[in-house]
Participant: 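Before anything else, here's the structure in question.
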Amino acid sequence: MISAMNIEFYTSILWISVIWPLLLSIPSLHSRLPSPRHLAIIPAVLLTLIPVDTAINIPWLLYGTGFAIDSNVRWILGSVVVTWFALATILLPTKEQPSLSHSTTFYLLTLGGSLGALLTTDLVGFFSFSTLMSYGFYGLLAQHADKSLQRAGRLYLIFLIAADIALFEALLLVAFTTEHFQYEMVRQTMSNISSSSVYLYMVLLGFALKAGIWPFYFWLTAIFNSGSRVITLLLIAGPVTMSLLGLLRWLPAREDIYITGIAMQMVGVAAITHATFKFFLRVMFKQGLLRQGTEPITIAWLLITFTGFFSLALGTALLNPSLWQQYAYIVYPFIAAISISITILILTAGKTNRKPESTDTTPVFITNIFHAFEKRFHATKQLSTYLKLRSKTLWNNSGLFVIRQYQHVLSDQKNKLFVIDWKINITLFLILGLVISWLAT
Amino acid sequence: MNWNSWVPLLVVLSSLLPGLIIFGLPEEKVRFRIALNLFGALAKLVLVGWMLWGVYNGYHYETRLPLLPNLELVLRAGPLALLFVSLSTILWLVTTVYAIGYLEDSPHRSRFFGFFSLCVTATVGVALAGNLITFLLFYELLTLATYPLIVHRGTEASRQAGQTYLRYTIFGGALLLVGTVWLYSLTGSLEFTPKGFLSNLGEEHYPALITIFGLLIAGLGVKAALFPLHGWLPQAMVAPAPVSALLHAVAVVKAGAFGIIRVVYEVFGVEFSAALGVLVPLAWLAAFTIIYGSLRALFQDDLKRRLAYSTVSQVSYIALGVAIAGPMATIGGVVHLVHQGLMKITLFFCAGNLAETLGIHKISEMNGVGKRMPWTMAAFTIGAFGMIGAPPIAGFISKWYLGLGALNTEQSWVIFVLAGSSLLNAAYFLPILHRAWFMPLPESWPDEELSEHDFGNKEAAWALLLPPLITAAMALAAGLLVTLPFSPLEWAKLISVREFYQP
């Protein structure tokens, strides 16, 4: 028998798990506490150990949100807590870094946001907390000393803004249809109306951008490529896991979205093919797996492979909702397994703070948008200034600005055209598409 | 006359009388002036709180004084009026504290605070006006009371900005006057009525009514900074920060936007306006202004000018909500009146702090300022994210209802405008935050003058630091505690249900 007092204790732990890290993120508070990162995660650790499903409604918060934990959420929470604990331990102040208070605020905001997104029971709550988490994570990227990480951060920010706009539109469609934002209610409501296709596409696009699912993985590989173990762990514990969870919670299950299901499966297959190919190529020919240890970028490709499997599963869910309902319970442990295994890989990959071999295939022109924007806005007072700026830009780039942009798009930094890789990938992708079509018929 | 019929007048007098006394005070009577200012602001707050409670429970507050034959000066506290009065009253108190800190030791403070009080008196009068003639009187008083505040510094730039402001607003006032007189000659009434008072007019008057609508909206659009009547607003940025805050968040642009709500809902009536076909052009104009303002904001390096163009864009959300014409969009538009005020005043207070403490006026000078002034920049960050529409800050709620209203009325194009605007808002606010928080500190600031009254980390005087923190917290609370009774959203819903869309 669970007494009323116990239930009260459990519900208190539930909401404190979210509020506590957010409270600690205030600099004047966490700077006065010993090991605030460990302190922040303690309620969440306790919550993982609570054996019963618990829920609390907070009707005055947002549109009446709530927090809850059940066996599915406990899987994810367990994996996330392990990662956050590892992070807190790695980030203990050292002699070289006596003060980490600047990053602690962003760290705790990311933690609070991710726990909130995980435990919240409705779409508005999830959206709010995941936005907080994402901007907190961006803060961590942007305040990092590594230039490549800052560049990856800017790229992430662009993807994040686009994703948030797509998810906001999806939320509006839900609000237009129903007044209830709880996951199950939304899944049922949006499954029963004919105009839910737009909602479906917005959700797919939004979370694919946020999770770095193929083909939107550029920011993800860029972050891994920077070689920061802390940041990659944060990426796993925060944006990636929560976005996969978001996809799971937001997607409706309908019988008549066959094409989307097929498309999702094809995306999954393409992701697996592309990422596996890149992974083995790197392991076999460039890295020498046994000699040098795992390189961060190979973990990124492994992660993309996993998210490819996830897309494949979601495609199947869209094609066959009844089958999905039978096996949906496996997905939560699957996400937890992804999170844990990638965490272990990162932790065992050795000290990866060294600058890795340059393999960044991020289109540089995208990440330069911010600088180009600012330069242009400060200089565009009149047309002649624009012309001056243009000529200056051409001059700055050895007179080959346009050619260089194409070069950036089409090549990696060794000037090796990765279109060559793409030929192979696209061929494999087409072959796999044909195979799936054949199997489907 | 019973007590309830005096309360609206007392609300107006609570700032008018202190203002008139302050005009006569010598400069050195600092404490007495501060006491008068704060007493007026607190008295108004108590009176407005009283009326809020009363109106929520169905009481009626109305003052009627004879003005002209067949025309009375009417002050009435309906739900819509109280929303605007509450905003003005709360923000006036906060701005007064800020202005006391900002203008410490500067000359002509009696003149400044006198006109400051007069400005709030006019704003409250605009809000409580029960008919178009009362509205017009206070609207013009607002023009005259704000001009001395804009030119307060007495520089050549401020005089030019003041002249531009006067040219625009007097032109707008003239249009409003012509529209009002024409309307009175047609109908014999100017009384604000929940569903308008023009729907009984015959079809032969429709062309005249469309013209009158155009005149009234153009007249109000000057203060609401609708394109192409917005030119005065970026120029008026030479005014001191408390005045900028007052112009953008409390008084002038809000008076214009509030007037548009009055004209559409309580003069023409939303259904009659739709039947006349005047709402669609208004919606397009508002949508264009939203995008135009954001695009212009992108190009500004001067922080206050960027914020000014942001106001041009954001205030048009209110006009857009009104023009979409549905209960949800109305809620979105009306609640944005409050939300935009809270967020924008925060941003202007912060801009003022940056200028006062470090001499920062340009965005390009803001590198690393978050490390030097963390509390100010934290408040700025909340305001900026609110403007972008990030949850759970107030701006998210406004955009939510505007988007929902667009879907309800099958005007999906508005969704694209909102998305585009959010994107542009992110494009012009996030680089500021990036600079402030993540760029390295410069070797020196443009003009660092630490005040004698600094505390703790010497960020700014408390009188300057507290107001933005309070308004930022309010902007956050307005989004987080959205379902609480008396939250701006709940009040906007009450307005929509009780006044505009009553069955």
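So you know, we letter chains A, B, ... as the sequences are listed, proteins then strands, and number each from 1.
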Participant: Heavy-atom pairs under 4.5 Å with chain B are the metric here; pick the option from A:S128, A:G125, A:A166, A:G64 that has the most.
Facilitator: A:S128
Participant: What's the separation between atom OH in A:Y138 and atom NE2 in B:H434, rounded to the nearest 0.5 Å?
Facilitator: 4.5 Å
Participant: Ignoring hydrogens, what is the shortest heavy-atom contact between A:P59 and B:T483? Give both atom names and the distance.
Facilitator: O-OG1, 3.0 Å
Participant: Which answer fits A:T65, side chain, backbone, both or neither, if we ask what part of it has an atom under 4.5 Å from a heavy atom of chain B?
Facilitator: neither
Participant: In this structure, are over 12 heavy atoms from other groups packed under 6.0 Å from B:Y56 atom OH?
Facilitator: no
Participant: Kindly compute the distance separating OG1 (B:T381) from OH (A:Y135), expressed to the nearest 0.5 Å.
Facilitator: 12.0 Å
Participant: Does any part of the side chain of B:P392, heavy atoms only, come nearer than 4.5 Å to the side chain of A:F129, both counted from C-beta?
Facilitator: no
Participant: What's the separation between atom CD1 in A:I58 and atom CG in B:L481, rounded to the nearest 0.5 Å?
Facilitator: 11.0 Å
Participant: Please round to the nearest 0.5 Å and tell me the distance separating atom CD1 of B:I415 and atom CZ of A:F168.
Facilitator: 7.5 Å
Participant: For chain A, find its close neighbours in residues 404-413 of chain B: heavy-atom separation under 4.5 Å, sorted by number, or none.
Facilitator: B:L404, B:L407, B:N408
Participant: Would you mind telling me which of B:F396, B:F385, B:W400 has the largest number of heavy-atom pairs within less than 4.5 Å of chain A?
Facilitator: B:W400
Participant: Is B:L423 in contact with chain A via its backbone, its side chain, both, or neither, using a 4.5 Å heavy-atom distance?
Facilitator: both
Participant: Looking at A:I165 and B:S422, what are the two nearest heavy atoms and their distance?
Facilitator: CD1-CB, 4.4 Å
Participant: Count the heavy atoms of every other residue, nucleotide or ligand shown that sit under 6.0 Å from CZ of B:F486, and state whether that count exceeds 12.
Facilitator: yes
Participant: As an exercise, state the distance from CZ of A:R154 to CZ of B:F438, rounded to the nearest 0.5 Å.
Facilitator: 11.5 Å
Participant: Checking side chain to side chain contact (heavy atoms under 4.5 Å, CB included) for the pair B:I388/A:I161: CA distance, chi angles, key distance, verdict?
Facilitator: CA-CA 10 Å; B:I388 294 167; A:I161 292 166; over 6 Å; no
Participant: B:Y428 versus chain A, heavy atoms under 4.5 Å apart: side chain, backbone, both or neither?
Facilitator: neither
Participant: How long is the straight-line distance from CD of A:Q143 back to NZ of B:K371, given to the nearest 0.5 Å?
Facilitator: 8.5 Å
